[in-house]
Amino acid sequence: LQHSRNNNGQKELTDINALCDEYLLLSYHGLRAKDKTFNAKFELAADSSIEKINVVPQDIGRVILNLINNAFYAAALPSAKELPDSGINKTPSVWVSTKKEGTKILIRVKDNGPGVPKEIIDKIFQPFFTTKPTGQGTGLGLSLSYDIVKAHGGELKAETKRGEFAEFV
């Protein structure tokens, strides 16, 4: 409901752990509603020492939801180790964590998908860049997320290992 309300851009004290929990469940159940065969493991490791922080909850929620949606999408893709005759069949998994480091709050969203190829890592935050098939992605999610995080005084970075994982911090 907050997502659909008119965004007045006002910062308010927000429980970032609750926001991560809410959007992790929303993303998973939204994907399950679209595709009954979709299944994945997911986990939230929340730092309980984090107090409410001053953010625009709709905007930060949009970032968290986008990163988690992307993670579930990627986790469901086959990784390099899952060749047809390898006998390896991973369970798609997404991990979300929060951690207080000094004056910063780190939110990590990690998946066990195929990772981001080195040759495109520098392009993923550009508007309209997407690796998804036509009709499945606009290429605006990471670009908008990057801008929102930057407007909040933060930074959005990607860490990846080809064939194993992608993690957005």
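Treat the numbers as computed from the prediction; the structure is a model and nothing was measured.
Linking ILVMFWY residues whenever their side-chain heavy atoms come closer than 4.5 Å, directly or via other members, places I105 and L24 in the same cluster.
To the nearest 0.5 Å, atoms NZ (K118) and NZ (K161) are separated by 11.0 Å. Put simply, CG on L26 and CG on D21 are 11.0 Å apart, with the number rounded to the nearest 0.5 Å. Distance check: Q58 CD to L19 CG gives 9.5 Å after rounding to the nearest 0.5 Å. Considering CG of L77 and OG1 of T131, their distance stands at 8.0 Å, rounded to 0.5 Å. Taking OG1 of T130 as the reference point, atom CG of L140 lies at 9.5 Å (rounded to 0.5 Å).
When each of L44, L65, V109 is tested with C20 by the rule side-chain contact (heavy atoms from CB on, under 4.5 Å), just one qualifies, namely L44. For the side-chain contact (heavy atoms from CB on, under 4.5 Å) with S145, the lone residue among D59, N70, N66 that qualifies is N66.
Using a 4.5 Å cut-off on side-chain heavy atoms (C-beta onward), V63 and Y146 make no contact. Here the side chains of D122 and F129 are not in contact, with every heavy-atom distance at 4.5 Å or above. Looking at heavy atoms from C-beta onward, I50 lies in side-chain contact with N17 at the 4.5 angstrom threshold. Taking the side chain as every heavy atom from C-beta outward, F128 and T138 never approach each other to under 4.5 Å. Between E12 and P57 there is a side-chain heavy-atom pair separated by less than 4.5 Å. Residues V169 and I107 form no side-chain contact, since every pair of their non-hydrogen atoms from C-beta on lies 4.5 Å or further apart. When side chains are defined from C-beta on, R108 counts as touching L106, because their heavy atoms get closer than 4.5 Å. Residues K52 and T14 are not in side-chain contact: their nearest non-hydrogen atoms beyond the backbone lie 4.5 Å or more apart.
Listed by first and then second residue, the salt bridge (charged side-chain N to carboxylate O under 4.0 Å, His left out) pairs that reach into residues 30-45 come to none, sequence neighbours excluded.
Applying the 6.0 Å contact sphere to CD of Q136 captures more than 12 heavy atoms from other residues, nucleotides or ligands.
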For this session: Assess whether side chain to side chain contact (heavy atoms under 4.5 Å, CB included) is satisfied between D111 and Y73, documenting all intermediate values.
Result: CA-CA 9 Å; D111 64 68; Y73 175 85; over 6 Å; no
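Considering every non-hydrogen atom in both S93 and N112, the closest pair reads N-OD1, 2.8 Å. Annotation for Y23 and I68: closest pair C-CD1, 4.1 Å, computed over non-hydrogen atoms. Nearest heavy-atom pair, P92 versus A75, reported as atom, atom and distance to 0.1 Å: CB-O, 3.4 Å. A pairwise comparison of heavy atoms in D47 and S49 identifies OD1-OG, 2.6 Å as the closest pair.
Residues N69 and Y28 have side chains that never bring a donor and an acceptor to within less than 3.5 angstrom of each other.
A donor-acceptor contact shorter than 3.5 Å links the side chain of T160 to the backbone of F165.
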For residues 147-159, tabulate all N or O donor-acceptor pairs below 3.5 Å that involve a side-chain atom, not counting sequence neighbours.
from, atom 1, to, atom 2, distance (Å)
H152, ND1, I148, O, 3.0
H152, NE2, V56, N, 3.0

